[in-house]
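See below for the structure under consideration.
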Amino acid sequence: MTVVLDNAAPVAQVDTDSSADGLHLRLSGNWTTATIADVDRILRATSLPSSGRAEIDMTDVMALDTSGAWLVHRTELALAEHGAEVRVSGVNPRFAGLIETVRANDDQCPDPEPPANAFVAMVERVGRTTFLVAQESRDLVTFLGHSVVVLGHSVFRPSRIRMTSLFHHIEQAGLNAVPIVGLISFLIGIVLAFQGAEQLSKFGAQIFTVNIVAQGVLREMGVLLTAIMLAGRSGSAFTAQIGTMKVREEVDAMRTIGLDPMEVLVLPRLWALVICLPLLTFFANIMGLLGGAIMATVALDITFFQFARQMSGAVTMWTFWIGLIKAPVFGFIIGLVGCYEGMRVTGSAESVGRMTTRAVVESIFLVIVLDAMFSILFAVLGI
Amino acid sequence: MAAEHQVSAQTVIRVEGLRTQFGSNVIHDGLDLEVLSGEIMGIVGGSGTGKSVLLRTIVGLIRPASGRIDLLGTDVVGCSESERTRVLSRAGVLFQDGALFSSMTVAQNIMVPLAEHTDLAPALREEIAELKINMVGLPLDAANKFPSELSGGMRKRAGLARALALDPEILFLDEPTAGLDPIGADRFDRLVKGLRDALGLTVVMVTHDLDSLNAICDRIAVLLDKRIRVGTMQDHMHDDHPWLREYFHGPRARAARHTDAATEMG
């Protein structure tokens with residue numbers, strides 16, 4: 001039987017000839033990685049004699065590389081395993097080194113472990129994840145405690161705070177966030193005013209749009225949006241910065257020099273957010289009200305003056321403070337989670353990315369949980 | 001393809017009038033280099049002289065400001081993207097820390113170029129990956145490990161196995177022995193030399209390791225004053241350039257030569 005793959009010379013070919021003498025495989029053409037795909041299939045499909053003699057004739061092989069040599073060697077091994085007496089002939093001396101190399105390196109790697117039963121694997125994953133979540137919560141609380149202690153110390157000994165670093169982070173997390181926070185609040189003010197006006201106009205009570213905007217922005221929207229922005233902008237940046245430093249062993253270097261990473265890395269970042277978030281919230285409130293007022297003027301013919309008068313009746317000082325009181329707490333939580341996840345980075349750059357994602361998700365989640373708890377608290381207090 | 005053993009006079013890499021710069025910072029200016037088939041060429045130079053930059057330029061990761069680079073007869077600066085990819089698939093590169101894809105096992109890493117550039121059956125790809133793992137001297141159970149589970153030396157070997165996946169004609173090594181202990185470095189040197197002899201590779205390696213230079217490099221290219229000076233170890237030792245004198249006559253160089261002489265006698 002003759003198998004011709006291609007009439008052009010360079011392609012690898014194999015002629016199989018079964019006679020009384022035994023199996024005769026005549027190889028020809030180029031036996032290299034790029035050209036052996038088809039002969040691999042043919043050689044795999046060739047039925048092997050279980051006894052007798054077999055000859056692999058390499059006289060007409062024009063080129064050989066390790067992959068080609070491996071194919072020859074594999075066939076030789078398979079024949080030998082079947083009980084045939086194998087002989088490789090006509091080996092060009094130029095190929096001898098290659099064949100020798102492949103022969104010396106034919107040990108088989110162990111198979112990867114087969115995947116466990118799908119159901120068992122799922123149960124295992126659920127258990128493992130539960131355990132990890134519990135462990136992580138415990139670690140986060142530990143980190144919280146540690147941070148509170150360091151933060152508390154720094155209140156009584158402000159000289160422990162690294163001012164350069166603090167101001168750097170205030171600039172990064174606070175000042176640089178001003179445009180985006182302002183824009184978003186402004187737009188949300190517009191949206192609130194528009195939606196409010198749409199519903200209230202059905203009752204002829206458009207003027208109460210002002211109440212919705214003022215209450216909505218001051219109590220909830222201003223601080224919540226600012227916190228979410230900062231979680232995305234700064235919380236993630238903290239994780240990435242500290243995480244990269246961990247990967248490059250900078251954090252370990254700090255410890256050996258006698259610097260406390262909590263004090264050097266975590267403290268300025270926490271303080272920066274605790275200081276910046278209230279300030280940004282204040283700014284966001286103003287921008288939100290401004291957006292609402294402009295929308296009211298344009299769409300509802302409520303003048304600025306009317307807006308202001310209606311607002312002064314709609315809100316008390318407490319409305320404003322309720323929003324602002326939450327800000328430093330949210331700032332603290334965002335900074336805490338950002339730094340905590342950064343400190344948990346181990347090993348590779350991949351871990352930095354994973355932890356950064358986690359930091360953002362966790363901090364937004366915690367901010368909203370805390371917001372709900374604040375709402376309950378204020379409801380109980382009756383303000 | 002990969003069967004010439006002896007050093008023949010064929011030029012596989014020819015760099016002419018190469019100029020690379022980052023902004024106003026000129027790294028190489030009018031640099032010429034010729035690498036012959038089957039030789040091991042070491043590239044040395046002080047810190048910041050652009051050894052790695054030269055390597056990266058030759059393999060097309062950095063675009064030179066001007067000059068011509070012929071790799072296996074193809075002008076890689078001027079040619080089309082697809083042509084460059086085809087030529088580069090005939091060269092393997094080992095980066096400093098292996099640069100293995102961290103989300104894949106070692107075996108999967110080695111199979112990446114095979115899957116990309118050949119139409120081999122998956123089973124054969126696995127066999128070839130195993131063969132390369134054997135050839136670079138990795139323990140067999142490393143095949144199913146992830147790069148993060150390997151030591152630095154093993155990662156380099158795994159990176160070498162991936163570089164060898166397509167049976168390249170040229171192998172580029174970026175500081176292959178940096179960060180290895182002397183025993184590991186010596187083994188790696190012998191591995192590279194053994195592979196060159198067995199597979200007829202041409203090897204270009206950036207290195208700081210005087211032992212490697214002494215033990216396995218046929219010629220040494222020294223980056224000096226934005227250009228290159230090529231010669232054997234002997235040539236460089238008789239050169240009067242102050243940097244060369246300091247490099248090849250320093251205490252470390254003497255120690256490297258001494259050990260070499262001792263092993264040859266013993």
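Below, chains carry the letters A, B, ... as their sequence lines are ordered, and counting in each starts from 1.
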Practice item. Tell me, yes or no, whether the heavy-atom count around A/E81 atom CD, taken from other residues, nucleotides or ligands under 6.0 Å, exceeds 12. Key: no
Study note, to complete from the structure: When the 4.5 angstrom heavy-atom criterion is applied to A/D106 and chain B, the contacting part is backbone
Review point. Between A/H73, A/E100, A/R74, A/R41, which shows the greatest number of heavy-atom pairs under 4.5 Å with chain B?
Key: A/R74
Practice item. Measure B/A107 against the heavy atoms of chain A and call it side chain, backbone, both or neither at under 4.5 Å. Key: neither
Practice item. Counting only heavy atoms closer than 4.5 Å, note whether A/L71 contacts chain B via side chain, backbone, both or neither. Key: side chain
Study note, to complete from the structure: Between B/E130 and A/D107, the two heavy atoms sitting closest are OE1-O, 4.4 Å
**Study point:** Exceeds 12 heavy-atom contacts within 6.0 angstrom, atom CZ of B/R187
**Key:** no
Practice item. Decide, yes or no, whether a salt bridge links A/R44 with B/E127 under the criterion of side-chain N to carboxylate O below 4.0 Å. Key: yes
Review point. Counting heavy atoms not belonging to A/L132, are there more than 12 under 6.0 Å from its CG?
Key: yes
**Study point:** When B/A165, B/S89, B/A123, B/P139 are compared by non-hydrogen pairs under 4.5 Å with chain A, the top option
**Key:** B/A123
Study note, to complete from the structure: If one checks every heavy atom of B/L195 against chain A at 4.5 Å, the contacting part turns out to be neither
Check your understanding: What is the distance from atom CG of A/L43 to atom CG of B/L124, rounded to the nearest 0.5 Å?
Key -> 10.0 Å
Revision key, fill the gap. Between the CG atom in B/N134 and the OG1 atom in A/T66, the distance rounded to the nearest 0.5 Å is 12.0 Å
Point to revise | Pairwise distance CH2(A/W70) to CG(B/D167) - rounded to 0.5 angstrom | key: 14.0 Å
Study note, to complete from the structure: Paired with B/T118, the side-chain contact (heavy atoms from CB on, under 4.5 Å) test is passed by just one of A/T35, A/T33, A/I36, namely A/T33
Review point. Taking all atoms of both residues into account, what is the closest heavy-atom pair of A/A37 and B/D119, and its distance?
Key: CB-OD1, 3.2 Å
